[in-house]
There are 2 protein chains.
Amino acid sequence: MSQTETKDRILDAAEGLFARQGYRGTSLRALTTEAGVNLASVHYHFGGKEALLKEVLLRRLGPLSKRRQANLKRLRGEPGAAAPCVRDVLRAFMAPTFVLCEGLPNEGAFSLLIGRILAEPEEPGRSYFLELVRPDLELFYACLKRAFPALPEPILLWRMHFCLGAMSHALSLRTAAVPPGIRELFPPAASAGAGGHLVSFLAAALEAP
Amino acid sequence: MSQTETKDRILDAAEGLFARQGYRGTSLRALTTEAGVNLASVHYHFGGKEALLKEVLLRRLGPLSKRRQANLKRLRGEPGAAAPCVRDVLRAFMAPTFVLCEGLPNEGAFSLLIGRILAEPEEPGRSYFLELVRPDLELFYACLKRAFPALPEPILLWRMHFCLGAMSHALSLRTAAVPPGIRELFPPAASAGAGGHLVSFLAAALEAP
DNA sequence: GTCTATAGATAGATAGAC
DNA sequence: GTCTATCTATCTATAGAC
């Protein structure tokens with residue numbers, strides 16, 4: 001087996017297991033068994049469990065952040081330009097996420113993992129995650145500020161946070177790992193087109209008086 | 001030390017530690033040390049770690065659900081009555097949560113714990129949590145349905161889910177356990193009045209075309 | 001009821017043969 | 001690079017003295 005193939009198999013298994021069972025709930029033994037590699041190969045290729053988690057995050061968030069940065073910087077435009085449209089700002093931030101998670105083989109595992117990290121304040125990997133997404137959040141806020149120059153800052157910050165919360169839950173709901181009990185509350189028809197519904201919903205909310 | 005005092009000390013410590021470090025990340029040793037009780041007393045009083053988690057949830061969710069049920073049933077009213085106002089429906093569901101979490105001594109620990117459980121599909125305690133809140137969610141949906149009789153069902157379900165996501169994040173943000181990196185994005189002024197901002201935000205969103 | 005001591009299982013990490 | 005074997009630490013749970 002080639003080096004990169006082994007690394008990829010470990011990364012894929014880790015993404016799925018960390019998402020479903022959590023970082024602490026996943027043993028390296030279970031992980032390497034699922035990946036079909038040897039127990040010691042995690043330490044050989046990544047250096048340890050925590051370093052593996054970082055690699056799992058970087059593999060997806062690197063390209064994702066690049067796309068978001070490009071979208072948002074275009075919208076922010078020059079200092080004197082016209083204010084961007086709300087829906088465009090929302091789409092610029094959120095569309096890359098939905099597109100990325102839709103295109104992955106292990107449907108929704110990564111978005112579930114992100115949802116967990118957002119909800120777990122002291123979990124390893126959290127600070128690394130924030131480091132990676134912080135520039136995106138700051139650009140997102142800058143664009144919202146331009147779209148709503150009259151809104152008081154604390155209110156705009158709250159609203160931005162509500163948007164992130166709604167997005168996070170929409171992403172979790174798309175996954176195959178939606179647990180029994182919630183899944184039955186939502187008919188299958190509701191599992192498609194999440195991104196579009198979300199943008200309409202949040203655009204109306206942001207324009208509240 | 002009296003029986004109930006020992007049990008309460010264990011429950012308080014468990015609520016805080018499960019919220020910050022997670023169920024798996026909290027050892028009974030750390031828990032009993034923080035509570036100032038003996039290691040074996042968890043098994044004596046509760047029967048084990050998982051049974052303790054259930055008690056932690058029931059202690060808060062029992063009274064909370066009772067209040068929500070009363071609020072929502074009043075709003076749902078009789079079959080022929082007028083449709084309820086959106087803001088009233090949102091308040092009926094959400095206000096008890098914010099009020100409860102505001103009044104607790106260990107500020108925000110419980111809401112953080114709920115946020116975790118929502119994000120962790122296979123964690124123990126999740127199915128028990130759903131069992132406890134399911135009646136509330138069904139009543140919430142019934143009230144929304146009455147307030148928006150013309151909205152297609154899948155769209156209303158999505159919107160309800162977005163509401164829950166935004167609420168969950170608003171609750172996490174209120175807590176003292178908001179991690180560094182996010183906290184600095186939100187000035188202290190934004191930490192008060194979350195419930196009110198949220199209702200305005202979501203009312204506008206639900207009324208989107 | 002509270003405590004000590006310990007059983008029994010499992011974790012991450014690593015040394016060394018091949 | 002891959003594998004086996006093993007070290008050391010830590011976990012939940014419980015038996016039994018007081």
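Naming: A, B, ... by sequence-line order, numbering from 1 per chain.
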Worksheet item: For A/Lys54, does the NZ atom have more than 12 heavy-atom neighbours from other residues, nucleotides or ligands under 6.0 Å away?
Response: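 Counting other residues, nucleotides and ligands, NZ of A/Lys54 stays at 12 neighbours or fewer.
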
What's touching nucleotides 14-18 of chain D from the protein side, N or O pairs under 3.5 Å?
none

Any ion pair linking [Y] and [X] (charged N to carboxylate O, less than 4.0 Å)?
X: B/Glu123; Y: B/Arg116; value: no
X: A/Glu15; Y: A/Arg59; value: yes
X: A/Glu122; Y: A/Arg126; value: no

Round to the nearest Å and state the distance from [X] atom [atom1] to [N] atom [atom2].
X: A/Leu52; N: C/dG12; atom1: CG; atom2: P; result: 11 Å
X: B/Leu28; N: D/dT10; atom1: CG; atom2: C1'; result: 12 Å
X: A/Glu50; N: C/dA11; atom1: CD; atom2: C1'; result: 15 Å
X: B/His45; N: C/dT2; atom1: NE2; atom2: C1'; result: 9 Å
X: A/Asn38; N: D/dC3; atom1: CG; atom2: P; result: 5 Å
X: A/Leu17; N: C/dA11; atom1: CG; atom2: P; result: 12 Å
X: A/Arg9; N: D/dT2; atom1: CZ; atom2: P; result: 11 Å
X: A/Lys49; N: C/dT14; atom1: NZ; atom2: P; result: 15 Å

Atom pairs and distances, side-chain donor-acceptor, residues 40-51 of chain A, under 3.5 Å, sequence neighbours left out:
{"residue": "A/Ser41", "atom": "OG", "partner": "A/Asn38", "partner atom": "O", "Å": "2.5"}
{"residue": "A/Lys49", "atom": "NZ", "partner": "A/Tyr23", "partner atom": "O", "Å": "2.9"}
{"residue": "A/Lys49", "atom": "NZ", "partner": "A/Thr26", "partner atom": "O", "Å": "2.7"}

Practice prompt. Go through D/dT2, C/dA11, C/dT2 for me and flag the one nearest to the A/Ser27 side chain.
Written response: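 Of the options given, the side chain of A/Ser27 lies nearest C/dA11.
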
Worksheet item: Looking at the side chain of A/Arg29, which of C/dT2, D/dT2, D/dT6 is the nearest nucleotide?
Response: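 Selected nucleotide: D/dT6.
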
Practice prompt. For A/Thr26, answer base if it contacts any base atom (sugar-phosphate contacts may also be present), sugar-phosphate if it contacts only those atoms, and nothing otherwise; contact means non-hydrogen atoms under 4.0 Å.
Written response: sugar-phosphate

Worksheet item: Is the distance from OP1 or OP2 of D/dC3 to the nearest side-chain N or O of A/Ser41 less than 4.0 Å?
Response: no

Practice prompt. Check B/Arg67, B/Arg74, B/Arg68 against B/Asn71 for a side chain to side chain donor-acceptor pair (under 3.5 Å) and give me the one that passes.
Written response: B/Arg74

Only pairs under 3.5 Å count here: list side-chain donor-acceptor contacts from residues 28-35 of chain A, not counting sequence neighbours, and write none if there are none.
{"residue": "A/Thr32", "atom": "OG1", "partner": "A/Leu28", "partner atom": "O", "Å": "2.7"}
{"residue": "A/Thr32", "atom": "OG1", "partner": "A/Arg29", "partner atom": "O", "Å": "3.2"}
{"residue": "A/Thr33", "atom": "OG1", "partner": "A/Arg29", "partner atom": "O", "Å": "2.7"}

